[in-house]
Structure formats: structure tokens, C-alpha cells
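Working notes for the structure below.
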Amino acid sequence: MSIPSLHTQMTDDINLFTPDVENGFLDEVIAGVGEGSPFEAYHGFYIERLGSWVLLTQPRGWMERALIVAHPSLLIRVLHPLDLLYNKLETGRKKDLDGVLQILNNGAVHSDQIQEFIENADMPKTTKQGILRNLEKVLRKRDGS
């Protein structure tokens with residue numbers, strides 16, 4: 001949703017954050033639509049419930065930057081592409097770094113934009129350095145070095 005030009009790309013999970021019932025029905029959701037569920041076997045992806053802990057280290061202003069998806073009865077916020085990239089680079093798992101590479105290759109966000117976003121974010125220096133190292137890994141992979 002953050003990057004419309006990637007709508008044709010498939011992911012192996014969809015992250016769903018429901019702040020009103022963050023801890024409710026976790027086991028039921030995992031069994032019904034989570035990793036390893038019949039839902040995943042049938043559809044090829046699973047739903048991963050997230051909580052507020054995922055955004056604790058997000059740069060300030062993420063909610064104001066978030067994109068609002070039109071819906072008649074729900075308020076649906078989707079992370080801005082820069083916040084999404086930041087989150088994936090901070091997590092640093094292979095699948096997240098592959099996602100960053102896919103977004104950068106798509107041209108939806110340029111590497112200098114995310115680098116500037118990270119450099120200007122209010123965060124500890126060591127956190128910033130780790131995130132920038134992950135960005136460098138992605139850029140090396142993109143450039144074939």
C-alpha cells in the first residue's frame with residue numbers, strides 16, 4: 001500500500017497492527033491466518049500481528065507521514081515509504097533487506113532519499129550507524145559488488 005507501483009509483487013507476510021486490541025485473540029489469529037496456517041497454505045502469504053513495540057524506535061512524525069487508505073468505517077494508516085524502508089533496514093533480516101532492494105530497484109524511493117532520512121532522524125548514533133550499514137549492504141548487492 002505504501003508503494004503502489006509494487007502492487008503486482010507478492011510478499012510472504014502482511015503486517016497488521018490493531019492498537020485497540022493489540023493483545024487480543026493472538027493465538028486465534030496465528031492459528032487462523034498466521035505463519036504455518038491453512039490460510040497461508042491456500043493463499044501463499046500469512047498475516048502477522050504486530051504491536052506498538054514495532055514502532056517504538058521509528059523516527060518521530062511517522063504517524064503524520066503515514067498514508068491514509070480510504071475506508072468507510074476504519075481508519076487505516078500505512079507507513080510512508082521512507083518509514084517502511086527505515087523499519088526494514090533497522091530490522092535487518094534477509095527478507096527485509098531483500099524488500100528494501102526491491103523497493104530501490106523499483107525506483108519508488110531513491111537511495112539518497114532514505115540515506116538523508118536516516119541521517120536526519122533523531123536516534124542514537126549507534127542505531128543510525130547500524131541502519132546505514134544495512135543500507136550499504138543493500139546498495140552493494142544492487143550494484144553487484
Side-chain angles (χ1 to χ4, degrees), residues 1-26 29-37 39-71 74-145:
M1 293 300 291
S2 295
I3 304 169
S5 57
L6 287 178
H7 274 189
T8 59
Q9 302 294 322
M10 183 60 127
T11 181
D12 68 350
D13 71 338
I14 293 178
N15 298 323
L16 178 64
F17 172 53
T18 54
D20 296 337
V21 289
E22 185 172 318
N23 296 315
F25 304 105
L26 287 176
V29 170
I30 292 167
V33 296
E35 189 170 12
S37 68
F39 176 90
E40 180 188 17
Y42 182 79
H43 293 285
F45 67 93
Y46 62 93
I47 310 294
E48 184 173 7
R49 285 277 303 271
L50 301 177
S52 56
W53 65 88
V54 174
L55 299 170
L56 288 176
T57 58
Q58 202 71 26
R60 275 189 235 143
W62 72 264
M63 195 175 290
E64 291 76 20
R65 289 186 296 274
L67 311 172
I68 304 297
V69 176
H71 188 278
L74 298 174
L75 174 60
I76 302 173
R77 285 191 180 95
V78 177
L79 284 179
H80 184 278
L82 290 171
D83 285 297
L84 175 66
L85 288 168
Y86 170 92
N87 194 281
K88 289 184 170 298
L89 288 165
E90 182 185 33
T91 302
R93 296 175 301 192
K94 181 185 180 323
K95 74 177 194 172
D96 293 302
L97 297 182
D98 288 347
V100 171
L101 179 60
Q102 184 181 23
I103 291 167
L104 292 177
N105 282 343
N106 176 269
V109 177
H110 296 283
S111 58
D112 57 339
Q113 291 173 291
I114 185 61
Q115 184 167 350
E116 182 179 345
F117 182 77
I118 294 164
E119 288 172 352
N120 291 325
D122 182 22
M123 71 181 77
K125 185 177 180 180
T126 55
T127 303
K128 194 178 292 193
Q129 289 170 336
I131 294 169
L132 289 170
R133 273 193 303 274
N134 282 339
L135 178 59
E136 282 301 315
K137 283 184 203 174
V138 171
L139 295 177
R140 282 194 305 273
K141 187 173 182 178
R142 181 188 68 181
D143 298 337
S145 51

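Minimum heavy-atom separation, Val78 to Val69: CG2-CG2, 3.4 Å. Here the closest heavy-atom approach between residue Val33 and residue Ser37 is recorded as C-OG, 3.3 Å. Counting all heavy atoms, side chain and backbone alike, Leu139 lies closest to Ser111 at CD2-CB, 3.6 Å. Residues His110 and Leu104 come closest through the heavy atom pair C-CD2, 4.0 Å. Listed here is the closest heavy atom pair of Thr127 and Tyr86: CG2-OH, 4.4 Å.
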(request) Decide yes or no on side chain to side chain contact (heavy atoms under 4.5 Å, CB included) for Arg133 and Lys137, but give the supporting numbers first. (result) CA-CA 6 Å; Arg133 273 193 303 274; Lys137 283 184 203 174; 5.5 Å; no
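For Asp83, the salt bridge (charged side-chain N to carboxylate O under 4.0 Å, His left out) test picks out Arg65, with sequence neighbours left out.
Atom CE of Met123 and atom CD1 of Ile131 lie 4.5 Å apart (nearest 0.5 Å). The CG atom of Leu79 sits 6.5 Å away from atom CG of Asn87, with the distance rounded to the nearest 0.5 Å. The CG atom of Leu101 sits 4.5 Å away from atom CG of Asn105, with the distance rounded to the nearest 0.5 Å. Put simply, CD1 on Ile118 and CD on Glu116 are 11.0 Å apart, with the number rounded to the nearest 0.5 Å. Distance CH2/Trp62 to OG1/Thr57: 11.5 Å, rounded to 0.5 Å. Distance CD/Glu119 to CD1/Ile114: 10.5 Å, rounded to 0.5 Å.
Under the 3.5 Å distance criterion, the side-chain polar atoms of Gln102 are left unmatched by any main-chain donor or acceptor of Asp98.
Applying side chain to side chain contact (heavy atoms under 4.5 Å, CB included) to Asn134 and the options Val100, Leu97, Asp96 leaves one that passes, Leu97.
Other residues, nucleotides and ligands place more than 12 heavy atoms under 6.0 Å from the CD atom of Gln113.
The shortest side-chain heavy-atom distance between Leu84 and Val109 does not fall under the 4.5 Å cut-off.
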